[in-house]
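These notes are about the structure you will find just below.
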Amino acid sequence: MRWTQTFIPTLKETPADAEILSHKLLLRAGLVRKLTGGLYTFLPLGLRALRKIENIVREEMDRAGAIEVAMPCLQPPDIWQQSGRYTTAAEVLYHVLDRARKEWVLGPTHEEVITQLAAFEINSYRQLPKNFYQIGVKFRDEIRPRFGLMRAKEFIMKDAYSFDVSDEAAMVSYRKMYDAYTRIFARCGLRALAVEADTGVIGGNYSHEFMIPAETGENEVVYTESGSYAANVEKATSRGPLTPTPTNDTGTAPEKFPTPGVVTIEALAAPPFNVAAHQQIKTLVYLAEAKPILILLRGDDQLNEAKLIARTGAAQFRPATADEVFAALGAHPGSLGAVAATLRSPGLPVYADLALQGAAGMTTGANEDGFHLRHVNIARDIAVTQWADFRTVQPGELDVASGQPLKSRRAIEVGHVFKLGTKYSEKMNALFLDESGRQHPCVMGCYGIGVTRTLQAVIEQCNDKDGIVWPLPVAPFSVCITPLNVAPNAPAMTLAEELYHHLTRDGVEVLLDNRDERPGVKFKDADLIGIPLRVGIGEKSLAKGEVELKPRGGSLLAVKTGEAAAQVLAWLRAESARFQPPA
RNA sequence: CGGGACGUAGCGUAGCUUGGUAGCGCGUCUGAAUGGGGUUCAGAAGGUCGUGAGUUCAAAUCUCACCGUCCCGACCA
């Protein structure tokens, strides 16, 4: 492709609405342009990189035995009613009306469509297993689109759905996808981390996320240095807090004492009270299905909402407002407690974190503004409805299995694999007959890759001060030929054309920078758009019978003009081998 | 949806406090010189100051409403 015949609008300055580096580079390198918040037009360079990723995904899915299909974006609402997600996923669903005022939804994902297909088409165990996938557009009414392609209202996703006869068979399908994902991200030049994950609204009981470590990521990952354990912080567990919970019972009954104006853990930990945070019981009030519940944590712990949601199974869930708290407990946040004697309504469910088990000599709110209770023995004084792990793991705590200290870092979620079970197949009648003629629901799995997000994650991970540094497999072009004199009969241009035709004939994707620009402009642009190999052709080196090969981010290599094409091909072969995962 | 910031030419911005001629840099166009890391000089085009209302002799500037963008939180690939 000749530079002047395509459209690569590079920018010297960064548009003000881009915050993170990859978003700035997407715009500066002319890969995308914003239509409006959360909606982007892909320009030629961005589209080429996107297609590269799609093709890697497609190759690996095919290799793993998945079957490509294409499902509609526009979907009838009744299948969403049938699965129950018309209400549980209501926030992300776009609704559209046709001429007859009939309602449709824009698909945010395709479990309903594929399960309906399976319900009609799959009848026998002889047809299983099957794994269908597609690469296509998803629509989600995001609460807050963010960071360019990272969180958009419309984005490209690869989604796959497996159908199996049993749990064990489903695990085999799951494992195949897990392995395919590992290969996909390696081929994209990404260092991805597979982490244990919470399953969220999609449901199911077993799941991994593929994470790209990045400071700008929206997720937090907890892991051991050896790699033996890695989990989303929403799911992560540990051996518990580093400081032990006090358990020595003072033998004294709870005693109320005045704490005027003290409404935070820190204030109570400070003089004159000096009650260390881990000696306090933190009491939180949430509304689950509009009913108040109490959650107890150690004062120095943070609630992990994902764990709480998983435990309560509530679809509607939120922290209570100060007014709602007062209505339920008769005191304001900062003076709350769960000591049975202080509760107005003894039936209030109390969920307590395991770190509090056996806790004694604790201090907590008295459910009376300006007062706390000390000498609280949780077993004696608090009626706990359910004990479970509700706390957020903190870095430095020890891994449950290996005892290694846990670390924490931020990451971008680019893929997610779920074992779904029979949640959808039961609701939508995706049943099959086994060898003995008995009917069973298919055991499903679902597997997503955010393709547009992966594109941006590559940029976020592969860049330097001059711009993007594309890994060869996803680069929009492999080679950029940069003649410094583009006059039709100039030796540099003649050689550039020759090399361009030669390499193109050999199947290399070449960008020929035939713009009549000064060398500095061309070099800066080539660096910005990040083409892996630049071939510089100018009079100085031509005089020596040479051209320059300049790998992006590497050092200059002078080669004889006659060997240029062969050298380029050799470099590309060697480079592409670096991204080949083991078979 | 809650909290915050912002909206002036294609992009980046000044001007707003204290109302009175809309300015700069980049980019674009023309011409010349230059030609190995965003070159220089000369000239030119390009602006409903987000939209609407209000205050005023007069509004980019003050007031209100609306729209939009970005950031933090809840959601997620």
Side-chain angles (χ1 to χ4, degrees), chain A residues 9-20 23-24 27-28 30 33-39 57 88-93 108-110 135-160 181 197-202 207 209-212 216-219 232 234 305-306 309 317-319 321 412-418 446-457 466-467 482-487 490 492 516-528 534 536-543 547-548 550 556:
Chain A
T10 58
L11 260 27
K12 244 187 193 173
E13 282 172 300
T14 309
D17 54 8
E19 185 74 13
I20 68 172
H23 187 196
K24 292 176 181 173
L27 295 165
R28 286 230 294 134
R33 285 294 182 264
K34 183 171 76 174
L35 173 62
T36 179
L39 295 172
V57 170
T88 57
E91 327 79 60
V92 299
L93 273 186
T109 174
H110 283 73
I135 298 172
V137 178
K138 298 286 182 273
F139 297 88
R140 292 191 190 171
D141 191 357
E142 283 293 340
I143 306 164
R144 178 150 91 91
R146 218 192 313 211
F147 300 151
L149 305 177
M150 284 295 185
R151 177 170 302 282
K153 293 177 174 172
E154 184 184 321
F155 61 97
I156 295 176
M157 177 161 136
K158 186 286 300 175
D159 45 327
Y181 277 32
D198 183 60
T199 47
V201 214
I202 296 187
S207 160
E209 286 164 340
F210 286 77
M211 296 285 194
I212 308 303
T216 50
E218 297 186 81
N219 299 269
N232 191 311
E234 293 177 347
E305 286 198 13
I309 291 168
F317 203 86
R318 64 173 174 84
T321 65
I412 301 161
E413 181 191 350
V414 287
H416 203 159
V417 292
F418 283 93
C446 74
Y447 317 92
I449 289 180
V451 178
T452 38
R453 182 183 286 179
T454 299
L455 171 72
Q456 191 169 345
D466 295 314
T482 310
L484 299 186
N485 182 350
V486 296
D516 184 14
E517 287 286 354
R518 294 180 60 91
V521 173
K522 294 186 163 200
F523 293 149
K524 286 287 183 192
D525 270 348
D527 286 348
L528 179 58
R534 196 189 74 215
I537 307 179
E539 257 113 60
K540 283 189 186 166
S541 41
L542 275 185
V547 299
E548 292 158 1
K550 172 76 169 64
L556 212 67

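On a predicted model such as this, the values are computed, not experimentally measured, just so you know. Naming: A, B, ... by sequence-line order, numbering from 1 per chain.
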### Message
Looking at A:Arg140 and A:Pro108, would you say the former's side chain and the latter's main chain have a donor-acceptor pair under 3.5 Å?
### Response
yes
### Message
Does B:rG27 have its OP1 or OP2 closer than 4.0 Å to a side-chain nitrogen or oxygen of A:Lys12?
### Response
yes
### Task
Compare side-chain N and O positions of A:Arg146 against OP1 and OP2 of B:rC75 and report whether any pair is under 4.0 Å apart.
no
### Query
What pairs with A:Tyr447 under ring pair (Phe, Tyr, Trp, His ring centres under 6.0 Å), at least two apart in sequence or on another chain?
none
Do any N or O atoms of the protein come closer than 3.5 Å to N or O atoms of nucleotides 29-31 of chain B, and which pairs are they?
none

### Query
Between the base of B:rC76 and the side chain of A:Arg151, is there any donor-acceptor pair under 3.5 Å?
yes
### Message
Considering every strand and a 4.0 Å limit on heavy-atom distances, what is the contact class for A:Asn232: base, sugar-phosphate, or nothing?
### Response
nothing
### Query
Who passes salt bridge (charged side-chain N to carboxylate O under 4.0 Å, His left out) against A:Lys34, sequence neighbours left out?
A:Asp17
### First encountered from the 5' end of RNA chain B, between A:Glu305 and A:Glu413
A:Glu305
Nucleotides 6-15 of chain B: which of its N/O atoms have a protein N/O under 3.5 Å away?
| unit_1 | atom_1 | unit_2 | atom_2 | d |
| --- | --- | --- | --- | --- |
| B:rC11 | O2 | A:Glu13 | OE1 | 3.4 |
| B:rG12 | OP1 | A:Ala16 | N | 2.4 |

### Query
At under 4.0 Å between heavy atoms, what does A:Arg33 touch on the DNA or RNA strands: base, sugar-phosphate, or nothing?
nothing
### Message
Suppose we screen for side-chain contact (heavy atoms from CB on, under 4.5 Å). Which residues come up paired with A:Arg144, at least two apart in sequence or across chains?
### Response
A:Arg146
### Task
Report the residues that fulfil ring pair (Phe, Tyr, Trp, His ring centres under 6.0 Å) with A:His110, sequence neighbours left out, ordered by chain and then residue number.
none
### Message
Strictly below 4.0 Å: does A:Arg518 bring a side-chain N or O up to OP1 or OP2 of B:rG36?
### Response
no
### Query
In terms of side-chain heavy atoms of A:Phe523, which of B:rC70, B:rA74, B:rG36 is nearest?
B:rG36
